[in-house]
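First the structure, in the form of structure tokens, and then the observations on it.
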Amino acid sequence: MLDRIAAAVEGSRRLLWRIAGGLALALALAGIVLPLVPTTPFLLLAAWCLARGSRRWHDWLISHPRFGPPIRQWSEHRAISRTGKMLAGVGMLGAVAVTAAFGATADILLIQAGVMGLVALFIFTRPSPPGA
């Protein structure tokens with residue numbers, strides 16, 4: 001009886017991890033076409049969730065020719081590619097510019113610029129992957 005309950009709980013837990021991984025992957029895919037939605041953080045989150053929910057889906061994600069490299073670079077070296085850093089920087093500058101263009105108040109712009117600045121500091125202080 002306890003074994004069946006434990007198996008049901010484990011199955012439910014794995015299902016929730018798969019759902020969370022799928023949602024994170026959907027947000028990453030949205031980030032490909034929406035300029036203000038980050039792609040790589042959601043890919044990393046999807047890989048983390050799927051590692052707990054489905055080894056097969058996790059393996060598919062990290063071996064994918066487009067999505068796999070940034071995940072592997074981060075998990076193996078805690079590194080972000082130069083291209084990724086530049087795209088992140090341009091995206092953050094673009095986000096602040098769009099906010100300003102829509103007439104946001106100075107305090108909103110300062111808060112946004114401060115948060116973006118801290119994120120940029122984190123991103124640009126990460127190493128680039130070996131051989132890049």
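- Hydrophobic clustering (ILVMFWY, side-chain heavy atoms < 4.5 Å, transitive): Val98 and Val90 are in distinct clusters.
- Evaluation of the side-chain hydrogen bond (donor to acceptor under 3.5 Å, both in side chains) test over residues 8-33, restricted to residues two or more places apart or in two chains, returns Glu10-Arg13.
- Nearest approach of Gly21 to Ala46, heavy atoms of both residues: O-CB, 3.6 Å.
- Evaluation of the side-chain hydrogen bond (donor to acceptor under 3.5 Å, both in side chains) test over residues 55-76, restricted to residues two or more places apart or in two chains, returns Arg55-His58.
- Pairing each heavy atom of Phe67 with each of Pro70, the nearest pair is O-CD, 3.3 Å.
- Applying the side-chain hydrogen bond (donor to acceptor under 3.5 Å, both in side chains) test to residues at least two apart or on different chains, none of the pairs has a partner in residues 26-52.
- Other cluster members for Ile19: Leu15, Leu23, joined by side-chain heavy-atom distances under 4.5 Å among Ile, Leu, Val, Met, Phe, Trp and Tyr.
- Annotation for Pro129 and Ser81: closest pair CD-CA, 3.6 Å, computed over non-hydrogen atoms.
- Under the 4.5 Å side-chain heavy-atom criterion for grouping Ile, Leu, Val, Met, Phe, Trp and Tyr, Val33 is connected to Leu43 within one hydrophobic cluster.
- Note on Leu25 and Ile32: same hydrophobic cluster, where clusters join Ile, Leu, Val, Met, Phe, Trp and Tyr whose side-chain heavy atoms are under 4.5 Å apart, directly or indirectly.
- Under the 4.5 Å side-chain heavy-atom criterion for grouping Ile, Leu, Val, Met, Phe, Trp and Tyr, Val96 is not connected to Leu110 through any hydrophobic cluster.
- The side-chain hydrogen bond (donor to acceptor under 3.5 Å, both in side chains) pairs that include a residue from residues 94-120 are Thr99-Gln112, Thr105-Asp107, where partners are two or more places apart or lie in different chains.
- Tracing side-chain contacts under 4.5 Å through hydrophobic residues (I, L, V, M, F, W, Y), one never reaches Val37 starting from Leu87; they form parts of separate clusters.
- Taking CE of Met86 as the reference point, atom CD1 of Ile123 lies at 10.5 Å (rounded to 0.5 Å).
- Pro130 has its side chain within reach of His77: a pair of non-hydrogen atoms, C-beta onward, lies under 4.5 Å apart.
- Residues in residues 96-127 take part in no ring-ring contact (aromatic ring centres under 6.0 Å, His included) pair, two or more places apart or across chains.
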